[in-house]
Trainee: 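I have a structure I would like to understand better, so I am pasting it below and will then ask my questions one at a time.
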Amino acid sequence: MSVAGPPTLTSPPIPIPAVTREQAQAASASEVKLRARGLNVYYGPRRAVRDIDLEVGANAITAFIGPSGCGKSTILRCFDRMNDLIPGARVEGEILLNGEDINAKDVLPVEVRRRVGLVFQRPNPFPMTIYDNVAYGPRRHGVKDRKVLDEIVENSIRRAALWDEVKDDYRRKSGLSLSGGQQQRLCIARTLATEPDVILMDEPCSALDPIATLKIEDLMSELRERYTIVIVTHNMQQAARVSDRTAFFTLGEDRAGFLVEMGATSEIFTNPREQLTEDYVSGRFG
Amino acid sequence: MSQTTSTKSTGAMRRTLYADRVATGVLWAIGILVVLILGAIIVHFLLASIGTMSPSFLFGDPSDTTVGGIGPVLWNSVYVLVLTLLITVPLGLLGGIYMAEYAGQGRIPNLIRLSQELISSVPSIVVGLFGLALFVNATHWSFTALGGALALSVFNLPLLTRLTEQALRAVPRDERDGSLALGTTKWQTIRHVALPLAIPGILTGVILTAGRIFGEAAALIFTAGVATPSHYDFANFNLADPRSPWSPFHSATTLAVYIWAQNSEGLGQFVRQIADSSAAVLVVMVLIFNLGARGLGRVLQRRATGVS
Amino acid sequence: MAATATIERGPIDRVMTLRERIDPARRITLMASAIVLLLVLLLLVFIGLNGVQIFTSSGIPFAAVFNTQWLPGDQFVSGEVSFGIFPFIAGTLGVMFVAALIATPLSVGLAIYMAEVAPRWARSITQPSMEVFVGIPSVVWGWLGITVLVPFLSHNLAGIGFTLGFSWFAGSLVLALMILPTITSIAYDAITSVPAEMRGASVALGTTRWQTIRHVVIPAALGGIATAVVLGMMRAAGEALAVQMVIGNRPVMPTSITQPLTTLTAQITLDMGNTVGGTPWNQVLWTMGLVLLLISFGFVLLVRRLSRSRQVP
């Protein structure tokens with residue numbers, strides 16, 4: 001994806017070139033990958049997230065933006081049932097993946113998480129070789145054949161734009177010996193190896209330097225062709241740079257997060273419908 | 001004429017500074033004193049064993065007429081240690097996994113924690129009595145290595161369980177979540193991510209525990225026996241024969257118990273040398289276990305988190 | 001780049017496999033951790049049953065056991081038999097308190113030294129020293145006591161009006177050395193967990209280091225230090241061999257710190273091998289063991305109750 005001139009961190013949001021906007025809208029109009037209906041999340045007695053209704057289109061990048069603490073990560077983690085791991089957390093409402101409710105009684109979290117991957121804020125490679133890191137998911141899912149694993153690992157590393165940097169010693173080198181940006185791409189490769197439908201990213205670049213950030217953003221644009229990506233970011237310019245659609249959340253008076261507005265990224269940033277959205281993207285609060 | 005604006009008179013200030021210096025001196029003295037005491041104890045036993053310490057002492061048989069050796073009792077110490085570890089390490093590992101990974105705050109986990117504390121508080125002589133009642137009398141075994149190991153397991157099991165639990169809890173949450181996010185089951189995450197990361201800590205703890213077990217005596221007097229063995233026939237591999245040093249049913253007076261027995265029942269003229277040198281062996285073993293655990297812990301830590 | 005290797009996947013909505021339903025990992029580990037429950041029960045049963053034998057099967061009355069006269073074998077001499085265990089209980093308490101008295105100033109001082117005063121190189125010596133200290137076996141302490149300490153005491157402290165050898169003091173001194181690392185390490189944890197902000201506030205007001213320690217750190221850590229001392233006392237009460245070797249083994253009520261004495265643990269250690277099972281003398285030893293067991297359990301419950309009440313804000 002080429003953009004006119006290198007973006008800096010302080011430059012205003014760059015309007016997305018028309019050609020990609022149309023592509024994105026066409027793509028997301030064709031298929032709804034994830035849908036949330038009446039989603040409420042409680043931590044104990046306190047409601048953290050209120051009445052969320054949204055749709056995530058296939059083969060597109062959707063960004064969740066909003067001030068910190070408004071529940072963006074919480075909502076993101078509902079999509080792979082990672083909130084199940086928090087004691088006292090309760091999820092109400094429907095979350096549909098390809099039309100199936102992932103919170104249904106017979107659905108095991110393990111199955112959901114195989115189809116929906118998550119990239120964390122801080123890179124968290126396992127203390128194993130690069131190969132073992134990427135092969136971890138397939139191995140646990142039962143793939144034993146060495147040749148099959150080799151192929152999956154190489155493909156995943158290539159798709160994560162890490163191949164050129166590790167192709168000589170990825171079998172021996174520890175995942176922890178990579179730089180921060182490389183580690184994050186390793187984590188992406190690790191996720192890709194499980195062949196997810198959706199990749200969730202929770203502020204994936206916030207622990208990285210600007211150069212590594214740009215590399216990951218480029219990678220996201222490439223990945224969009226095969227995968228559906230949802231990214232939570234507190235960096236508005238990043239959302240404007242990479243995403244096709246954007247959802248803006250904020251905290252209500254009851255301290256619960258809610259969805260203010262969702263639409264094509266270009267619309268949200270240049271011509272939002274809600275005043276709150278206008279205030280946020282122009283920097284008046286948050 | 002400027003007024004002094006200090007809130008304290010200079011006399012009181014000088015007193016507090018003086019007190020601070022005295023206190024610092026006292027504290028330093030305590031620190032030095034304690035380290036010196038420890039050093040003195042170690043040196044004392046090392047010196048006292050000069051003249052007696054030799055390979056023939058370490059591996060030879062006890063004797064009525066000369067100083068003799070501690071071979072059989074040394075063997076017993078090692079044997080009972082290994083047997084105890086064989087029993088408690090697997091069980092402690094599994095138990096610790098449950099407490100760290102599956103247990104919540106329910107009734108049963110709380111009862112388990114209470115039980116761990118209760119058993120840890122029991123004096124080892126009472127554990128010895130328990131062992132006597134159960135593993136000697138009730139089973140009609142009489143004094144055996146197995147009975148001793150089982151008695152030691154009574155208070156070592158909660159120890160190792162807690163050790164494992166702590167080591168697992170120290171594994172960063174991010175690593176676990178990373179595995180779960182890839183669609184693995186809880187047990188897979190434990191087995192492939194959490195446990196490997198916890199192993200260095202567990203191993204260090206096991207070695208330190210082994211050091212304590214090696215020196216344990218009170219619980220063994222009434223379970224593994226006090227009688228000095230005269231000679232062990234290591235060629236006898238019949239595990240059912242209580243005379244075979246390989247059998248779990250052989251009566252197993254350990255080195256620590258031997259020292260106590262020498263003190264209370266020893267009649268020969270060499271009691272002093274035998275006991276001094278035996279104590280030196282025990283002290284050296286404690287040093288080896290302790291420093292070994294530390295060193296190993298550091299090496300493993302570097303390998304687990306560092307660059308390959 | 002199309003991958004020819006794919007991962008098999010069924011529908012998202014499916015029935016749990018038998019393995020998932022049973023979750024053997026959870027069950028097996030639960031059983032392993034529940035063994036301790038069984039052990040506590042077994043302890044109570046076996047020691048309890050044996051401990052009451054003297055009343056149930058030998059028919060000795062309570063009064064004969066709960067008094068201060070220990071005359072277990074005298075039924076053949078004077079006709080009077082008494083299995084009074086109070087001397088041992090008193091002895092245990094006596095050595096325990098004096099040992100705590102001796103050890104606490106040193107331990108707490110050492111903990112303060114390590115936490116507040118010692119430079120890093122000194123800490124790298126004291127910390128391993130504590131670990132080795134704690135690892136020294138009980139028999140070694142006892143042997144050291146008997147070969148070095150007791151002769152030292154009787155040669156050097158005699159002539160001041162009393163002789164001092166195997167005695168209450170010797171027992172407490174050895175115990176003090178044994179519990180020193182225990183108290184030190186727990187007190188150290190308590191002291192280091194005092195928040196840095198508190199110290200900072202005191203220092204910013206222009207106080208000396210000792211003033212900060214004395215007026216801020218120690219009061220804040222007092223609860224933990226008290227726990228440390230209590231745990232040290234518990235360890236002292238339960239110690240058997242080292243005490244037995246230096247205390248003199250005279251089963252009388254404690255009156256003078258220089259007298260030979262005995263404790264519950266020492267007497268059990270001494271007599272168990274020399275008494276015949278089934279005789280009252282043997283049975284009362286089990287009773288003493290039961291007393292020790294109940295004391296230690298009681299201690300744990302008490303400490304738990306105390307720390308729970310302290311946590312209520």
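As the structure is a prediction and not an experimental result, all values here were calculated from the model. Values reported hereafter were calculated over all heavy atoms of this structure, with side chains retained and with hydrogens, waters and symmetry mates removed. The sequence lines fix the lettering, A, B, ..., with proteins before strands; numbering per chain opens at 1.
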Trainee: Counting only heavy atoms closer than 4.5 Å, note whether Leu42(C) contacts chain B via side chain, backbone, both or neither.
Mentor: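 For Leu42(C), backbone and side chain are both near chain B.
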
Trainee: Tell me, out of Phe45(B), Trp260(B), Phe222(B), who's got the most heavy-atom pairs with chain C below 4.5 Å.
Mentor: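 Of the options given, most contacts go to Trp260(B).
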
Trainee: Pick one of side chain, backbone, both or neither for Val271(B), based on which atoms fall under 4.5 Å of a heavy atom in chain C.
Mentor: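 Contact with chain C involves both backbone and side-chain atoms of Val271(B).
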
Trainee: Taking Asp20(B) for the side chain and Trp210(C) for the main chain, is one N or O donor matched with an acceptor at less than 3.5 Å?
Mentor: yes

Trainee: Between Leu91(B), Ile30(B), Leu118(B), which residue shows the highest count of heavy-atom pairs closer than 4.5 Å to chain C?
Mentor: Leu118(B)

Trainee: If you round to the nearest 0.5 Å, how far is OG1 of Thr24(B) from CD1 of Ile112(C)?
Mentor: 11.0 Å

Trainee: Chain B heavy atoms under 4.5 Å from Ala240(C): which part of the residue, side chain, backbone, both or neither?
Mentor: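 Side chain only.
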
Trainee: Using 4.0 Å as the upper bound for N to carboxylate O, is an ion pair formed by Arg294(B) and Glu131(C)?
Mentor: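 Counted as a salt bridge, because a side-chain N and a carboxylate O are separated by less than 4.0 Å.
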
Trainee: Is Met130(C) in contact with chain B via its backbone, its side chain, both, or neither, using a 4.5 Å heavy-atom distance?
Mentor: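 Just the side chain, heavy atoms under 4.5 Å.
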
Trainee: Sort out for me which of Gln116(B), His44(B), Arg191(B), Arg21(B) touches chain C most, counting heavy-atom pairs under 4.5 Å.
Mentor: His44(B)

Trainee: For Leu114(B), is it the side chain, the backbone, both, or neither that has a heavy atom closer than 4.5 Å to a heavy atom of chain C?
Mentor: both

Trainee: Please flag which part of Leu282(B) lies under 4.5 Å from any non-hydrogen atom of chain C: side chain, backbone, both or neither.
Mentor: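 For Leu282(B), side-chain heavy atoms alone lie under 4.5 Å from chain C.
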
